[in-house]
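See structure below.
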There are 2 protein chains.
Amino acid sequence: MKKRVEPTHCDTCGAREKSVFCSLSPDEISDVDASKSCNFYAKGQVIFHEGNRINGIYCVSKGKIKLFQIGNEGKEQIIRFAKEGDIIGYRALLSEEPLSASAATLEETSLCFIPKSQLLKLIANNPNFNFKMLKLLSHELGEAAKVITELAQKPVRERLAETLLILRQTFETDENQVIQVKLSREEIANIVGTATESVIRLLSDFKKEKLIEVEGRSIKIVNIPALTRVANIFE
Amino acid sequence: MKKRVEPTHCDTCGAREKSVFCSLSPDEISDVDASKSCNFYAKGQVIFHEGNRINGIYCVSKGKIKLFQIGNEGKEQIIRFAKEGDIIGYRALLSEEPLSASAATLEETSLCFIPKSQLLKLIANNPNFNFKMLKLLSHELGEAAKVITELAQKPVRERLAETLLILRQTFETDENQVIQVKLSREEIANIVGTATESVIRLLSDFKKEKLIEVEGRSIKIVNIPALTRVANIFE
DNA sequence: GCAAAAATATGATAAAATTCATGTTTTACA
DNA sequence: TGTAAAACATGAATTTTATCATATTTTTGC
């Protein structure tokens, strides 16, 4: 399933423009190119396991990934997603701690592995890149704080509504306004922090209330302002 | 209440050894010293407000601080604590976003304000310091992920037990094993993500079960292994 | 293409947690 | 030091959410 592919060259990689690597010099880019290795992952494959050590980061050149922790009762908690241009594994690498989460693909995905030495070289030699990493980490930390407050204070219905809006924002929609990520009800429950049955029930409530349209795993938000009101977002 | 105090010199500051500033060169230290301004804050004072911009960071030279967000129903959610040697405000500074949380003192506290330019100078010129910042941010991000999973998956009783253990670890105990931070029941509830009444009830349950001893706001954990079991921590 | 497995759906029940009410104790401060 | 305010405490009722049971539908692998 996981197979070596002809390495996509960074200088032609569409994902690069969206990534922390966007402003590297041509020399730096060919340096990264030379050190990296690219692989193709089928849907559902695990990329790395929580608790392990990691010796580099992965850059998503194509595809979608979920990052999750396994709670004490064996239940998965989705912490964040990564898509084209995003990097994963940098938290564990930079903290020199074991991986705090596992990563698995949500669809066919191409990843480039960039070794630790290469990343540290960029950090040390490119102040702009370094600052991008600091900015990425601190932005993520702010997002995590928001999630904490929401989990702690909002009821399930509001959290689900907000999750749908965030998924839409993160993965965007196709020409039919369908959110461009396919998640099982269980996976949605594992973002929201609730039981699968609750998600199923609430999604059909939202459907009845004409806030969304659902067809299998395709979700379309038909009334964004109303769903935003349900999510109780005002800021 | 907030008053200018004779600036503690960094080179004699006991908090420095515990902080990200621990390995600065003498020149760097006197440079920081020259740029900073120190202030004393009474108990309960707000240091900064969520949503505002910040133009530097605060280093805690003495005292204890809570960082919190205000949820939609006006309820406070405590995101983290800072104590001697810790810095606050760096997330907003480095992400160039507004402050994601407010900060308020939990007791009499002395803070040194270090301007943005000074921090950026250290980051740019001292690779070791820069790496400490990356490490701090990525460690915090891992901690936040843990909190997310716990909030999403654990019942209130387990979360409270774990919170008490974390408070003990963070603030340590005095010679009588009393946790060295005084929080109201409401504040504890605002860490755990529950109602104040639930905390009150569960604390007296824990007391009846001889897991803790409580006297006003003083909490002593008398049976750590048993409380750890209640918290359902195994890793 | 078909059987088995997994995912979705829905009702009923149970458990968890909050809210409300009310009383007591502690603290703040005029 | 007395008094008001805040914090703590506890019971009862209600709401929220999870769990369990059981269909039904969809997907997957041979």
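All values below were derived from every heavy atom in this structure, side-chain atoms included, with hydrogens, water molecules and symmetry-related copies excluded. Letters A, B, ... are given to chains in the order of the sequence lines, protein chains preceding strands, and every chain is numbered from 1. Computed from a predicted structure; not experimentally measured.
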Short N-O contact, [X] and [Y], less than 4.0 angstrom:
| X | Y | answer |
| --- | --- | --- |
| A:K154 | A:E162 | yes |
| A:E143 | A:K146 | yes |
| A:E107 | A:K182 | no |
| B:R157 | B:E209 | yes |
| B:R91 | B:E97 | yes |

According to a strict under-4.0 Å criterion, is [X] in side-chain N/O contact with OP1 or OP2 of [N]?
| X | N | answer |
| --- | --- | --- |
| A:T196 | C:dT8 | no |
| B:T194 | C:dT18 | yes |
| A:S198 | D:dA18 | yes |
| B:S184 | D:dA7 | no |

Where the side chain of B:E186 is concerned, which of D:dT10, D:dT16, D:dA7 is the nearest nucleotide?
D:dA7
Given C:dA17, D:dT17, D:dG11, the nucleotide with the shortest approach to the side chain of B:V156:
C:dA17
From [atom1] of [X] over to [atom2] of [N], roughly how many Å is that when rounded to an integer?
| X | N | atom1 | atom2 | value |
| --- | --- | --- | --- | --- |
| B:E158 | C:dA17 | CD | C1' | 14 Å |
| B:I200 | C:dT25 | CD1 | P | 15 Å |
| A:E187 | C:dT8 | CD | C1' | 14 Å |
| B:L202 | D:dT10 | CG | P | 12 Å |

Quick one: does A:E197 reach the base of D:dC20 with a side-chain donor-acceptor pair under 3.5 Å?
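Looking at the base of D:dC20, it does pair with a donor or acceptor on the side chain of A:E197 (distance under 3.5 Å).
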Would you say the side chain of B:R185 and the base of C:dT26 hold a donor-acceptor pair, judged only by whether the two atoms sit under 3.5 Å apart?
no
Residue pair A:G216/A:G193 against DNA chain D: nearer the 5' end by closest nucleotide is A:G193
When all nucleic acid strands are considered with a 4.0 Å heavy-atom cut-off, which category describes B:R217: base, sugar-phosphate, or nothing?
sugar-phosphate
